[in-house]
Amino acid sequence: MSDSRFDARFDPGQADGRWQRAWDDAQTFRADDSSTKPRSYVLEMFPYPSGRIHIGHVRNYTMGDVLARYKRMTGHEVLHPMGWDAFGMPAENAAMEKKVHPGAWTYQNIANMKAQLKRLGFALDWSRELATCDPDYYGHEQALFVDLFEAGLVYRKESAVNWDPVDQTVLANEQVIDGKGWRSGAPVEKRKLSQWFLKITDFADELLEGLGTLEEWPDKVRLMQENWIGKSSGLQFSFKLSDGGSLEVYSTRPDTIFGASFVAVAPDHPVAQAAAANNPEAEAFIEQCKRGGTTAAELETAEKLGFDTGITATHPFSGAELPVYIANFVLMEYGTGAVMAVPGHDQRDFEFATKYGLPIVRVVAANAAEADAPLSEAEAGDGILVNSDFLDGMSVEEAKRAVIGRAESEGWGQGKTVWRLRDWGVSRQRYWGTPIPFIHCSACGVVPVPKDQLPVVLPEDVDLSVPGNPLVRHPTWKHVDCPQCGGKAERETDTLDTFVDSSWYFLRFASQPADRPFDPAEVARWLPVNQYIGGVEHAILHLLYARFWTRALARTGKLEVREPFASLFTQGMVTHETYFREIDGREVFYSPAEIERTSAGATLTEDGQPVEIGRVIKMSKSKKNTVDPDEIVARYGADAVRWFMLSDSPPERDLPWSEAGIEGCWRFVQRLWRLFGQYDGGAQGEDKALARKTHQAIAAVGEDIEALSFNKAVARIYELTAAAEKAAPSADRSAAIRTILLLASPMMPHLAEEGWAAIGQQGLVADAPWPEADPALLVEDEVTIAVQHKGKLRDTLTAPKGASKEALEALALASEKVQRSLDGADIRKVIVVPDRLVNIVT
RNA sequence: GCGGGCGUGGCGGAAUGGUAGACGCCGGGGACUUAAAAUCCCCUGGGCUUUGCCCGUGUGGGUUCGAGUCCCACCGCCCGCACCA
């Protein structure tokens, strides 16, 4: 049966745009706040408007889109919004390089990227679009920040920044390369500035406890957050110093106290500062530490260095005098900024002790006989205490309790819980961010901008060709009258970390009143987000800050929701082969567009000569292994690209882009189109086997989409397609074809709409209900049983489903192949797993 | 360095502790065609003495009737480390 409408190939060039307009015109994907249907909030992490969407965005948004469309088809009112994380450094860099205003650059990028997203046919509610750089958005953020200030969750303190002494500007960590400023090349210094902080540590316990309720988050992300929050219990105690002072240290291993051979303090610890005051060498050492990197990774990979202050600390039990060192690996931010160092059982201390010839004593061993076994590295494991006076023979846990008990009863220390989590520094000395809505008055101090004077809008007339924050240099902007006393005062010129912007955008999507950040009742109807999707790189910071911000608002009574994201999914990256040649000892990379790729190798189109095929890595501009979503959509249509994003690789893993892969997807689009052409609404007759496969596919694809296992759903659709193609015409075959169209529609919506209309169905397939699986057709009546002997497969048998163990055993023993394998051996045992296998043990 | 993850054919991957390699890509063979494209059919982990047998899920051990799956150790790669977003 052929149909003239299907004579031509499916042409995405004209079909894609037509259906995108049809959805727009019908407002198909607009979320109805007053709907009585069950709600589903599907959200992907919003993009930074860099100018072009990246293939990684396409993957991320395709996953969310399939889920959103599926949820609509299964009867949900779906909120699936999109917006722009629009503040940040790239806009300032562009302003410097291209002499464009950050705002103009950003809005142009948004326009470009929005058009790109539209061409992919995403089922988004664009009526809720927002950009964080819009005063309409950041003005509300300023109000929330003032609320948190009034709730006592905002404060100011001194904190170090990377200072470029040549450009006279603060640098982000990524702008510091090998300890030097990226533009000036000057050695970066640490400089202390008074900055704004949010009290995330007030919520450490809550954020940790809350992880337990996030059952639909990946375990790995929960574990990473747990480790980041880093709750530890230990002993804080005081050493008496030889100079008459005392020194508070914190240790999570008080059981190892008899193994302490020195004490180490951070370079910015008061004891170190005091040593520097009367010792030029100590001062020089501290200066050297300041020149090192600021990041934890740099500090911990750097060679362990120390400076002996000459001061000693008295061991609380043995009375031994331990040298006090200034050490570059001790962090002022954690605990008390000073540690008792136990080289035998801490690797950093071990390296340090080895370098400076300090004693390394074993105080934990597997058993008493091992007490004096030499240590070639620190042993952090469990065991019993040795060489430890009254602790000898105790377990690590018993010893911890014993030491804390003695310290508390003798009054020189106490058990203490310490968190690794530090308060969130939100000050940025930059222009393109949310102005912190405060005013500095010499009479009244730091005063919030009154709510009726918000938003504090960024000035437009700024000069970004000079390094440094233009808000500081601006002739008029910062000069204001104090809202309290009316006297002359100055605006705060720091702007907020962009992580603040992304800590509540999901609330604003759910509710957008003009006069307030959101309406709590409306938010409560949509939140928590049912499915949040984004990259693992956000596993800690963004997700923890968003959880904190939500809880902080809840504490101030602004919100009922405590955990914003009920279910989280972290998708993998899109990768691609790299192509390069070594020229003068340097690797020169070529983009895929410049390459002819065959199964044998790759050549450069320009000169026909071979190039080397490098590793498959994350797409990046510097390696030129990117592909442009627009180009591939223009070549293959949105549906083939979407299908490729979902096929093959499981969504949490990396997806290698390949030309052959997208070609295969294109062919499948056309194959489905031909199959739709075989649809005959009037076909008669049964095909029980195909009907069974159809209903099994309905059940499986639904489950796979719910589990976000798109690659498996895709495989199921391939299977059913192959079965339907082979089947003879029948009513069941037509039902199978119609079902395939529906099952594929969230993934290939344009093809599905075109096919839906062509087979004479009413309305949009986007509005059609998801097919229901008939439970009676899901079960097979025959199963294949594997028969093993000596742990190896010997035969497979067909048996009725639910056959008894005895029947299966008899069937297995009757097999000729099995008898040959047994070769008359005595049967010791037969294991039968019903409907699965028989294992004969001889 | 610390924390987290991943590792299965030529490639992407599938597999409630129970038939390893579903499904797709690449490749090979064939059909159709004047020819090509498109399409369709068959084959496709390795080896061997090929009615069948042996090997095989990063490496080395272990638990089990049975391990890709669980445990221990190691190797490699990837992500995060608080001012990139």
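Residue numbering restarts at 1 for every chain, and letters A, B, ... go by the order of the sequence lines. None of these values were measured; they are calculated from a predicted model.
- Counting any heavy atom pair closer than 4.0 Å across all strands shown, A/His538 reaches a base atom.
- Base engagement by A/Leu421 is indicated by at least one non-hydrogen atom pair under 4.0 Å involving a base atom.
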Protein-nucleic acid N or O pairs under 3.5 Å, nucleotides 12-23 of chain B:
{"unit_1": "B/G12", "atom_1": "O2'", "unit_2": "A/Ser649", "atom_2": "OG", "d": "2.6"}
{"unit_1": "B/G12", "atom_1": "N2", "unit_2": "A/Asp648", "atom_2": "OD1", "d": "3.0"}
{"unit_1": "B/A14", "atom_1": "OP1", "unit_2": "A/Asn711", "atom_2": "ND2", "d": "3.3"}
{"unit_1": "B/A15", "atom_1": "OP1", "unit_2": "A/Lys712", "atom_2": "NZ", "d": "2.7"}
{"unit_1": "B/G18", "atom_1": "N2", "unit_2": "A/Asn839", "atom_2": "ND2", "d": "3.0"}
{"unit_1": "B/A22", "atom_1": "O2'", "unit_2": "A/Glu719", "atom_2": "OE2", "d": "3.1"}

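- A close approach under 4.0 Å does not occur between any side-chain nitrogen or oxygen of A/Arg422 and OP1 or OP2 of B/A82.
- Between A/Trp424 and A/Tyr545, the ring-plane angle classifies as parallel under the 30° and 60° cut-offs.
- Comparing atom distances between the A/Lys220 side chain and each of B/C65, B/G4, B/C84 picks out B/G4 as nearest.
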Contacts under 3.5 Å, N or O only, protein and nucleotides 43-45 of chain B:
none

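- By the salt bridge (charged side-chain N to carboxylate O under 4.0 Å, His left out) test, A/Asp494 is found to be paired with no residue, residues two or more places apart in sequence or in another chain being considered.
- For B/G61, the base adopts the anti conformation, since its glycosidic angle falls more than 90 degrees from zero.
- Here the C1' atom of nucleotide B/C53 and the CZ atom of A/Arg794 are 9 Å apart, to the nearest Å.
- Using a 4.0 Å heavy-atom criterion, one finds that A/Ala660 contacts the sugar-phosphate atoms exclusively.
- In this structure, a donor-acceptor pair under 3.5 Å is present between the side chains of A/Thr201 and A/Asp423.
- A/Trp228 comes within 4.0 angstrom of a nucleotide base, judged by non-hydrogen atoms across all strands.
- Taking 3.5 Å as the limit, the base of B/C83 and the side chain of A/Gln195 contain a donor-acceptor pair of atoms between them.
- Judged as a side chain to side chain donor-acceptor pair (under 3.5 Å), and not counting sequence neighbours, the contacts of A/Glu44 are A/His80.
- Aromatic ring pairs are classed by plane angle as parallel below 30°, tilted from 30° to 60° and perpendicular above 60°; the pair A/His57 and A/Tyr61 is parallel.
- Contact annotation for A/Phe499: base contact, defined as any heavy-atom pair under 4.0 Å involving a base atom.
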Let's test your reading of the pairing rules: Watson-Crick or G-U wobble, both distances under 3.5 Å, then write RNA chain B as a dot-bracket string with ( ), [ ], | and dots.
(((((((..(((.....[....))).(((((.......))))).((((...))))..(((((..]....))))))))))))....
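- In this structure, A/Phe203 and A/Phe548 have perpendicular ring planes: the angle between them is above 60°, well past the 30° mark.
- Nucleic acid contact class of A/Glu816 (heavy atoms, under 4.0 Å, all strands): none.
- At a cut-off of 3.5 angstrom, counting only N and O atoms as typed in the model, there is a donor on one side and an acceptor on the other between the side-chain of A/Gln429 and the base of B/C83.
- A/Arg222 comes within contact range of no nucleotide atom at all, as no heavy-atom separation falls under 4.0 Å.
- Under the side chain to side chain donor-acceptor pair (under 3.5 Å) criterion, A/Glu379 pairs with A/Arg362, not counting sequence neighbours.
- Separating the CZ atom of A/Arg674 from the C1' atom of B/A38 is a distance of 8 Å, rounded to the nearest angstrom.
- Atoms CG (A/Asp501) and C1' (B/C83) sit 14 Å apart, rounded to a whole Å.
- One atom, CD1 of A/Ile229, and another, C1' of B/C81, lie 15 Å apart when rounded to the nearest Å.
- When heavy atoms are screened at a 4.0 angstrom cut-off, A/Gly425 is found touching the sugar-phosphate backbone but no base atom.
- Residue A/Arg348 is classed as having no contact, given no heavy-atom separation below 4.0 Å to the nucleic acid.
- Ring geometry for A/Phe87 versus A/Trp432: interplanar angle over 60°, hence perpendicular rather than tilted (30 to 60°).
- Between A/Asn109 atom CG and B/A85 atom C1' the separation is 14 Å, expressed in whole Å.
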